[in-house]
Amino acid sequence: WLDLSRIKLSSGQSRKLLISTAILKQPQLLIIDNPYIGLDQKNRELFKNLIDELAFDHQIKIILAGHFHTLPKCITHELHLSANSTVRKLKPQSSVNQISPEANDQVLSTIKKYYANTSHHPTFNNTLLLNDLNVGYKDVKILANINWTVKQGEKWALLGPNGSGKSTMLGMIAADHPQVYANDVYLFDKKRGHQDSIWDIKKNIGFISSEMHTYFNYDVHKSVANIIIDGLFTSIYSRPNLTPDQLNTLDALLIYFDAKHLRDRKFLTLSTGQQRLVLILRALIKNPPLLLFDEPFQGLDDLTIARFKHLLDEVLGAAHALIFITHYEHEVPRCVEEYFYLEAGKRC
């Protein structure tokens with residue numbers, strides 16, 4: 001993949017490129033923010049071994065920032081910060097599975113009622129149908145002969161190592177990849193490239209990915225509330241007034257995640273984790289028939305992840321399909337019952 005242009009790299013490949021670039025500078029102090037983002041288990045282990053070698057054999061000082069369940073052996077001190085940036089007492093790393101989401105029943109009830117109304121969904125049987133999907137650049141094959149059917153309401157986890165083609169597949173589904181028109185791809189029982197525009201497709205999809213987050217170039221003056229509300233519209237030129245249910249659900253989502261204080265904050269003033277939270281809410285407020293989540297929990301703390309998993313388990317019903325990509329099995333919501341494994345662009 002070293003011969004590929006930067007834009008064609010997967011999230012994990014991009015992370016490895018950034019880490020390698022920093023290390024090749026031969027620094028005396030190496031600072032890496034969220035080093036594990038996008039890395040599969042194999043590459044996380046390779047990273048930890050590399051960091052240990054740099055620290056023990058080359059005497060490089062290491063500072064890692066983020067949320068960790070495992071750390072390199074060379075890490076000797078941990079600094080935990082509270083919400084007001086003051087140091088708090090060290091404590092053992094927690095497991096996501098052991099954290100209670102502390103759900104607010106009244107708020108959760110509001111969101112569930114909102115998701116129970118699917119009258120705006122189109123009528124269809126199969127959410128997705130891929131027939132011998134092939135994607136490549138020159139002599140590089142990204143996806144080869146992929147066949148996949150996702151029926152209405154099915155919940156799937158799409159798993160595989162870095163560079164296996166997961167994000168490319170989601171780009172094809174989300175109508176963001178130009179090679180979709182050279183393939184036999186059906187969404188909501190309609191073949192891509194026939195009649196429906198890209199916006200007709202996107203209005204029925206809630207989408208989040210690291211690439212979307214990276215290139216999310218909104219105006220610096222946009223508030224969190226406006227960013228989330230934008231998810232309800234397919235065009236900046238058509239913005240009907242919000243219904244009371246939509247406004248109530250916006251507030252309920254923010255309250256559920258203890259983020260009501262962020263409502264009027266400017267999006268670009270938020271931390272990476274807070275921005276990721278807002279972008280997931282932007283996808284959720286659509287209440288779409290298909291949610292595409294490509295490593296959605298990057299940058300989120302364990303409690304927020306637990307809350308999101310609980311929310312998805314509670315509100316996604318028979319009318320909502322989910323395709324969920326992650327490199328951490330504990331992040332997969334309980335509602336997921338089907339698994340699709342990719343390796344080197346092929347189903348396995």
Side-chain angles (χ1 to χ4, degrees), residues 7-11 118 120-138 140-160 163-213 215-216 230-238 279 282-284 286-296 316 318-325 338-342 345-347:
I7 196 171
K8 294 177 182 177
L9 299 182
S10 69
S11 173
T118 58
H120 58 289
H121 288 190
T123 301
F124 61 94
N125 293 313
N126 291 325
T127 303
L128 170 69
L129 180 62
L130 305 179
N131 291 321
D132 290 325
L133 177 70
N134 285 276
V135 180
Y137 306 100
K138 295 184 179 179
V140 180
K141 200 74 169 179
I142 307 299
L143 295 169
N145 307 116
I146 301 295
N147 292 281
W148 190 14
T149 300
V150 176
K151 297 185 180 299
Q152 183 180 28
E154 289 185 343
K155 282 75 174 174
W156 287 76
L158 177 57
L159 306 177
S164 58
K166 303 184 302 298
S167 294
T168 298
M169 186 179 293
L170 251 63
M172 298 286 288
I173 299 169
D176 285 331
H177 200 292
Q179 292 190 33
V180 67
Y181 300 104
N183 280 277
D184 202 14
V185 177
Y186 288 80
L187 279 171
F188 312 114
D189 290 340
K190 295 184 179 180
K191 186 174 181 178
R192 289 295 294 118
H194 290 264
Q195 298 180 341
D196 285 357
S197 70
I198 187 173
W199 305 114
D200 292 325
I201 295 295
K202 285 182 176 293
K203 72 181 181 182
N204 293 312
I205 296 175
F207 183 51
I208 177 68
S209 72
S210 56
E211 287 76 19
M212 171 186 171
H213 191 169
Y215 299 105
F216 208 79
D230 280 349
L232 291 167
F233 308 112
T234 57
S235 169
I236 61 174
Y237 304 107
S238 177
L279 293 180
R282 181 179 182 271
L284 285 175
K286 261 187 171 182
N287 183 13
L290 174 60
L291 288 168
L292 301 177
F293 282 176
D294 187 353
E295 299 187 67
L316 297 186
H320 304 98
L322 171 68
I323 299 177
F324 190 96
I325 291 179
E338 306 285 346
Y339 289 80
F340 188 112
Y341 294 91
L342 266 180
K346 297 181 179 180
R347 188 172 187 175

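- Rounded to the nearest 0.5 angstrom, E338 CD and K155 NZ are separated by 11.0 Å.
- Between the D189 side chain and the F124 main chain, no donor and acceptor come within less than 3.5 Å of each other.
- Scanning both residues, P288 and L284, for their nearest heavy atoms gives CD-O, 4.4 Å.
- Taking both residues in full, the closest heavy atoms of R282 and D230 are given as NE-CB, 4.0 Å, listed atom of the first, atom of the second, then distance.
- Panel note: side chain K166, backbone G160; a donor-acceptor pair is recorded below 3.5 Å.
- In this structure, CG in L158 is found 10.5 Å from CD in E295, a value given to the nearest 0.5 Å.
- Using modelled atom types, one side-chain atom of S209 and one backbone atom of M212 make a donor-acceptor pair closer than 3.5 Å.
- When only modelled atom types and interatomic distance are considered, N126 and T149 share no side-chain donor-acceptor pair under 3.5 Å.
- Considering only heavy atoms from C-beta on, N145 stays 4.5 Å or farther from K346 through its side chain.
- Note that OG of S164 is 8.0 Å distant from CD1 of I325, once rounded to the nearest 0.5 Å.
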Between I323 and I173, is a side chain to side chain contact (heavy atoms under 4.5 Å, CB included) present by the stated rule, with each step listed? CA-CA 10 Å; I323 299 177; I173 299 169; 4.0 Å; yes
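- Contact between P296 and F324 at its shortest, heavy atoms only, is CG-CE1, 3.5 Å.
- Nearest approach of P289 to P122, heavy atoms of both residues: CG-CD, 4.1 Å.
- You'll find the side chain of N125 stays beyond 4.5 Å of the side chain of Q152, heavy atoms only.
- The number of heavy-atom neighbours closer than 6.0 Å to NZ of K141, taken from other residues, nucleotides and ligands shown, is above 12.
- For the pair F188/T127, a side-chain contact is recorded, criterion being any heavy-atom separation below 4.5 Å from C-beta on.
- Considering NZ of K286 and CZ of F207, their distance stands at 10.5 Å, rounded to 0.5 Å.
- For the pair H121/N204, no side-chain contact is recorded, criterion being any heavy-atom separation below 4.5 Å from C-beta on.
- H320 contributes no side-chain N or O that, together with a main-chain N or O of E154, makes up a donor-acceptor pair within less than 3.5 Å.
- Side-chain contact between L342 and L159: absent, with no pair of heavy atoms (C-beta onward) separated by less than 4.5 Å.
- If you take OG1 on T168 and CD1 on I142, they are separated by 5.5 Å, rounding to the nearest 0.5 Å.
- Between the side chains of R192 and Y181, at least one donor-acceptor pair of N or O atoms lies under 3.5 Å.
- Here the straight-line distance linking atom NZ of K202 with atom CG of L290 works out to 11.5 Å at 0.5 Å rounding.
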Check step by step if side chain to side chain contact (heavy atoms under 4.5 Å, CB included) holds for L322 and W156. CA-CA 6 Å; L322 171 68; W156 287 76; over 6 Å; no
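- Listed for the N131 side chain is no donor-acceptor partner under 3.5 Å among the backbone atoms of N147.
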Quick one, L133 with V185, criterion side chain to side chain contact (heavy atoms under 4.5 Å, CB included). Give me CA distance, side-chain angles, the key distance, then yes/no. CA-CA 8 Å; L133 177 70; V185 177; 4.0 Å; yes
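- No donor-acceptor distance shorter than 3.5 angstrom exists from the side chain of D294 to the backbone of L292, with no hydrogens or angles considered.
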Run D184 and K191 through salt bridge (Lys or Arg N to Asp or Glu O under 4.0 Å) and show every step you take. CA-CA 7 Å; D184 202 14; K191 186 174 181 178; 3.5 Å; yes
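- Contact annotation: the side chain of W148 approaches that of L128 to within less than 4.5 Å [non-hydrogen atoms, C-beta and beyond].
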